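Structure first, commentary second.
Numbers restart at 1 for each chain; the letters A, B, ... are given by sequence-line order, proteins then strands. Note that this is a predicted model, so its numbers are computed, not measured.
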Amino acid sequence: MPYLVRRAGHSAIMLLVVVSFVFFAGRMIGDPAIVMLGASASDTALEQLRNNLGLNDPLLMQYFRYVGGLVQGDLGVSFRYGFAQMPAERFMDGGGTPVMGLVLARLPQTLYLAAVALGGALALALVMGCLAAMYPRSWIDHLVNVLSLASVSVVQFWLGLVLIVLFAVHLGWLPTGGYGSWYHVILPALALGARPLGRVAQVTRSAMLDEMARPYVAAARAKGLPEHRIVSVHALKNAGIPVVTITGDELVQLVTGAILVETVFGWPGIGHLLVEALNNRDLPVLQGAILAVATLVIVVNLLVDITYTYLNPKVSLSSREN
Amino acid sequence: MTQKLLAKTEPDPSVVPTQNANVEGLYDEERAPKLTWKIYLRALFSDRVTLIAALFLIIMAVSALGAQFLAPFDPNQIDIMNRFMPPLSMTDAGQFHLLGTDQLGRDVLSRLMHGAQVSISIGFLGAICSGLLGITLGIIAGYKRGLFEDIVMRLVDGMQSLPSLLIALFVLFIIGGGYFNLVLVFTFLQWTVFCRMARSLTLNLRDSNFISAARVLGCTDARIMLRHILPNMVAPLMVLFTLEVAILILSEASLSFLGFGVQPPNASWGRMIASGRDHINTAWWLVTLPGLAIFLTALALNLLAGWCRAVSDPVHSSRWLTPKRKQNKQEG
Amino acid sequence: MTEQQQAVASGQREVVLRAEQLGKVFGKTVRQGWRRVDQGVRAVNDVNFELHRGETLGLVGESGCGKSTLARLLVRLMDPTEGRVEVLGQNLLELKREDLRQARRRIQMIFQDPYSSLNPRMTVGEIIGEPWQVFPDIVPPAQREARIGELLQQVGLNKSDADRYPHQFSGGQRQRIGIARALAVEPEVIICDEPVSALDVSVQAQVINLLMDIQRDTGVSYVFIAHDLSVVRQISDRIMVMYLGEIVEGGAVDAVYESPQHPYTTALLSSIPVHDPEQQSRQVLKLPGEVPSPMNPPSGCKFHTRCPYATEICSQEVPAVTGDLAVRGVRCHHASTLNFDPYIEHITGRVASG
Amino acid sequence: MNAMTEARTRVTGDRVDVSAAPIMSVEGLSVGFDTPHGPVQAVDNVSWSIRKGETLGIIGESGSGKSVGLETIMGLITSPPARISGQVLLDGQDILSMPQRQRRQLRGDRMAMIFQDALAALNPSLTIGTQISEVYRIRRGASRQAALDKAVELMDQVKIPSARSRLKAYPHEFSGGMCQRVMIAMALAMDPEILIADEPTTALDVTVQRQIMDLLQEVRRERGMSLILVTHDLGVVAECADRAVVMYSGRMAETATMRDLFRTPSHPYTRALLQAMPRVDARLERLQAIPGTPPTLSHIPSGCAFRPRCTFAQPRCAEEKPELRMLAAEHSAACHFAEAIREETSHD
């Protein structure tokens, strides 16, 4: 148990580092008041906004206030979101849209997309990897190898565009984008799932090949076990460790991939929000979205590490000792 | 009893030739043959897919390096009269556009060749810089251990558990896009990959007896790291390098798509897709072709890296290096 | 007793290597709930010996007994936690970095695994010549190539082998290269850490002969570590038997083999399979179980958990050393009352009565 | 003194009925592989047989093909990728020509195998109990509980203390000797008639080696099993085996009963090997080393493979590959001068 507690501690520290980075780096672009109101704003307006937002306090104090706000679930407010124009007066009376609400509204869509993409990719990849490992150097192996490398080599947003051209524009089978019923998710999930599919299949294949060459497999054959049990129980359990690692890793990459894929498909997820914030130079939303994604990723990593201890008896033992 | 047995079986001294004479005659046939480059080359030629990948990369490299001389048109030459010409079309002026023209009438093939220059060189430069940094830190961390290793590896763990493209976006948002900023950001983000690999390889090598032997011989730490450790991890690091180039080419495309790449009018593959996106319904080739270039380059790099890994892997290499069976027919 | 052994016994020869109360404790921190508890693993304990010029000291024990750790302590690949190591009167442990590098010229090491002990990316010539990159004064640059050829011939290889890479050689040939590398610095002492145990039987004898020839020609001293008692007998003048980090018995090789005093030594000797199908009706002193974990060593005499002769005192009191372990001594409560003759018939040829 | 009598156990030498028909016979077995350097012949025309209850030693250095041949018999090496010819007769039926499914039925039931590095041969992520009981459960259709009971019974037989509480242990929690015992228990689960032990004690210490060899002999005797013992240690063979096959460079150099092999070794290699072994009972001025190194499989010398290292070699040896010839009952050697050498050793 201490191991998990320590591991969770690491995650908390990581989160704090990201928060600090996001806060201080955000300040590096310049005076937030100017960023918000634009260079043409009057001095009095700027000064008033600074007072309102507490920008005249010492930086460290602002930082602590920011962290304090985060702890209470306050990610700041956006002054651009939801307004076509930016009436400067809005800033003055403390209005604006809370970022937390924006993020929470977008998060489920991203998780939904990621789950569909990864779930499909994982299932297919495991089958592909195991098949390739069972018939090494056969045509199946070659096909799996080339297919998985191809899906790793593709740029996700481009794949999205090509899918749109093919299935939405030319064939008209599926919608070009948006969010709605189940068929809206197909194209984005395909575009997003390609990379994890390739990576997991590759790792499964090579891990399985390594395991099948290990002496315990020969021993298992020698004692007369049927081949399917050797592959599905003996080898797969040991190959599981690298596969879980890469899956966790890909989950992290998936979130980044989602930024572009959501943009291409107009999928109302957190990635889309992030790109909008980038284009609007809307710092609070950008910071909020980055923090949300980072938190997600850190939690995923924590879960992956916990899974290890169940897969590998040695890890759990040594963590108990050390 | 045993003594007697021993005496009995002792051969007649006159029959025994001197040991040296006997051993000397053996030498030439006795040395194990070397895995020469010929064997690797033969394996490469027998593997058609990898061979095509290698040839494709050579063509890419040549057209990127020689874009200034080989490209049929000036990539930034605007020709409003001949916009959106599909591939394989001829202008009224008799200019042939193999891959068509874009929304400003610029030649797509020429832009692709110049774009290759940017995209591939960013990939290489980023991988080289991050490799140098990461490998240096990784070897030192793995060899010296202690506090330095703790700090470096904590850093690596931390950075690797964050979505790198997201951080890159945020940093570029702050410092602005452009060629060198991209390389800088890639270096800053990707060194951890090399560092982790170099460290784990160093840790494996560190316990090898030849490192102990070098220490007993009195070699300095610098000499051990440079002469004994580094040369023994070239193969896996080269594989990693190749993969990283592919990843960085893809990343460049993504960042360019979001507007953080090289500035217009210069072309990079990512920018070309981004600007072609608005015309996706009318001019499919503007999006498809640069994407295809990225895809094929990355695929070729990945194929080559995979092949190198298989060939240099001690467990599976012989299977890959063994020529396809001919002696069967001979036998049967 | 051979002449050499007599000379050793009377202490006429110069002492080249001395270990005094050498010990190594591996520190380990163990978590118990929220607390950290320091738990040392005593890998080597209280080792004393003197090695004379031209002499071979055999060191025997099962895996995990600490003999490899001891070898690493002697060349200071590892720092001992107690005691001292002197090479030609110079305490290795007090030396600064640069002085230690210089002192390494006096003491070299040959490793067990001939596959991992040579850098696969260096040619044989580079491997053998490397010491001179470190100590340029040993051989002047102009003569190095010739010297590499000489060394190769000395270990039974060809001059032309200098341009080849290690993977082109068989295990025995690689071990010869390792020996040539050690000889290149012209050391006084070579620590041989199981140099033949990874080799085929037909090649083992060659390497043992080679080591003996080199000693005859150069007067180098060996500490020869092995688990194979037949090999140790062949090459050693004196021998020490290790169990769980401690020397339990030691003395001139013939004395130890023909009248062992410690039950562990006897068990080792009688367990060796004899290559004579007609001599199979001898008695074997069998030990139950396996070597206990050094993390949790038994109380009293460390051997008592496996000793067929153990009595109450053995589990309570640490036995004192009778005699000098490096000359002739034993660490056992009951050494004076035990008779092991029936178990070593196959060695002495004496048929035991009773 | 009670401890004393317990500790005294005699090395045993029970011999087998020589007239019995062999339970398994290998006839002209050859195994070849393709390597980056071209095809190699790992096993070349090997023939031997084993009787019920007998212990057959197979002696050879690394690369002599001793393990490859047995792995082929077990079906662990298959064609392709290997090129296999010859016959392995079990009850008069050639098992090499059987379909895979049928061969798998033989493994465990008729013959089982244990390996040199027991820790590597056990699956690190499955418990000992699962690994010992799974074959019994799958092949015999026993319930999980019955299979575990069987596992405990087997562990008791191989003298693993407090067996039931160790069912849930993982291999890395065991010492080398214990792992080897687990391997043996695994191999015995289906009650095989032939047990192939591939260097079972090489990685172990002398005192533990003694325990494992005793255990193997004991289970062989109790079950009337045949034991094929692969080793490079002549001492182990001398103590345990009834007959032995000496392999060199993939070929059979000599085969004989233990007594003949040690009294009248008739192949120069066997003779040289016996002389090269360091002895525990005497200190020699110099060992009688065999010059040179065993050939690599890709470069086997022409004619007799041992020729370049042989003190008896004649020009003829380079040209003619010596065939295995019968010298006496149960004694054959593959050397042009085997009779002369046998004559010489038995006369002195």
Side-chain angles (χ1 to χ4, degrees), chain B residues 1-9 18-37 39 145 201 204-237 312 314 317-318, chain C residues 71-72 75-78 97-98 100-105 107-122 126-127 130-135 153 156-158 160-161 164-170 173 178 181-182 184-185 187 191 193 206 209 274-276 278-279 346-347 349:
Chain B
M1 180 71 81
T2 44
Q3 281 291 4
K4 244 170 94 190
L5 180 74
L6 188 80
K8 259 186 214 165
T9 50
T18 62
Q19 189 174 323
N20 266 346
N22 200 340
V23 172
E24 210 123 12
L26 275 173
Y27 268 123
D28 286 328
E29 56 184 316
E30 204 181 298
R31 295 289 181 266
K34 212 169 151 183
L35 276 172
T36 53
W37 57 273
I39 287 178
R145 312 295 313 257
L201 291 169
N204 286 343
L205 285 170
R206 198 177 186 270
D207 294 330
S208 292
N209 282 333
F210 71 86
I211 302 291
S212 296
R215 284 171 66 199
V216 174
L217 283 177
C219 292
T220 56
D221 288 346
R223 185 181 172 83
I224 291 176
M225 285 188 259
L226 284 174
R227 279 296 269 140
H228 293 274
I229 292 179
L230 187 61
N232 279 294
M233 42 198 227
V234 168
L237 285 178
S312 64
S317 67
S318 64
Chain C
R72 288 174 169 258
V75 294
R76 214 186 151 193
L77 269 173
M78 234 179 233
R97 258 168 101 89
E98 191 49 40
L100 178 67
R101 290 206 318 119
Q102 292 301 326
R104 291 232 152 108
R105 294 170 63 157
I107 182 160
Q108 279 301 311
M109 188 160 173
I110 300 171
F111 295 87
Q112 170 177 7
D113 177 9
Y115 290 90
S116 81
S117 62
L118 305 176
N119 186 342
R121 302 276 163 188
M122 286 165 90
E126 285 170 337
I127 289 170
E130 189 172 31
W132 309 325
Q133 307 285 332
V134 185
F135 306 116
Q153 281 180 331
L157 295 171
N158 271 358
S160 58
D161 287 336
R164 296 174 198 264
Y165 284 90
H167 67 85
Q168 290 173 275
F169 294 85
S170 67
Q173 290 165 338
R181 172 176 60 190
V185 288
I191 312 289
D193 186 7
Q206 293 173 12
N209 281 344
V274 175
H275 340 141
D276 186 345
E278 290 180 21
Q279 227 198 25
H346 60 299
I347 296 174

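Residue with the most contacts toward chain B among Leu77(C), Val185(C), Val75(C): Leu77(C) (heavy-atom pairs, distance under 4.5 Å).
Counting only heavy atoms from C-beta outward, the side chains of Arg97(C) and Asp221(B) approach each other to under 4.5 Å. Proximity of Glu126(C) to Arg227(B): side-chain heavy atoms (C-beta onward) are separated by under 4.5 Å at one or more points. At a threshold of 4.5 Å between non-hydrogen side-chain atoms, the residues Ser212(B) and Met109(C) do not count as touching.
Here the closest heavy-atom approach between residue Ser117(C) and residue Ala213(B) is recorded as O-CB, 4.4 Å. Of all the heavy atoms in Phe135(C) and Leu217(B), the pair that sits closest is CE1-O, 3.2 Å. Of all heavy-atom pairs between Arg101(C) and Gly218(B), the closest is NH1-O, 2.5 Å. Residue Gln133(C) comes nearest to Arg223(B) through the heavy atom pair CG-NH2, 3.5 Å, listed as atom of the first residue, atom of the second, then distance. Across all their heavy atoms, Phe210(B) and Pro120(C) have their closest contact at CE2-CD, 3.9 Å.
The CZ atom of Arg72(C) sits 8.0 Å away from the CZ atom of Arg215(B) when rounded to the nearest 0.5 Å. The CD1 atom of Ile224(B) sits 11.0 Å away from the CG atom of Asn119(C) when rounded to the nearest 0.5 Å.
Residues of residues 228-237 of chain B that come closer than 4.5 Å to chain C, counting heavy atoms only, are His228(B), Pro231(B), Asn232(B), ordered by residue number.
When heavy atoms are compared at a cutoff of 4.5 Å, Tyr115(C) does not approach chain B at all. In this structure, chain B has a heavy atom under 4.5 Å from the backbone of Leu118(C), while its side chain stays farther away. With a 4.5 Å cut-off on non-hydrogen atoms, Ile107(C) touches chain B through its backbone but not through its side chain.
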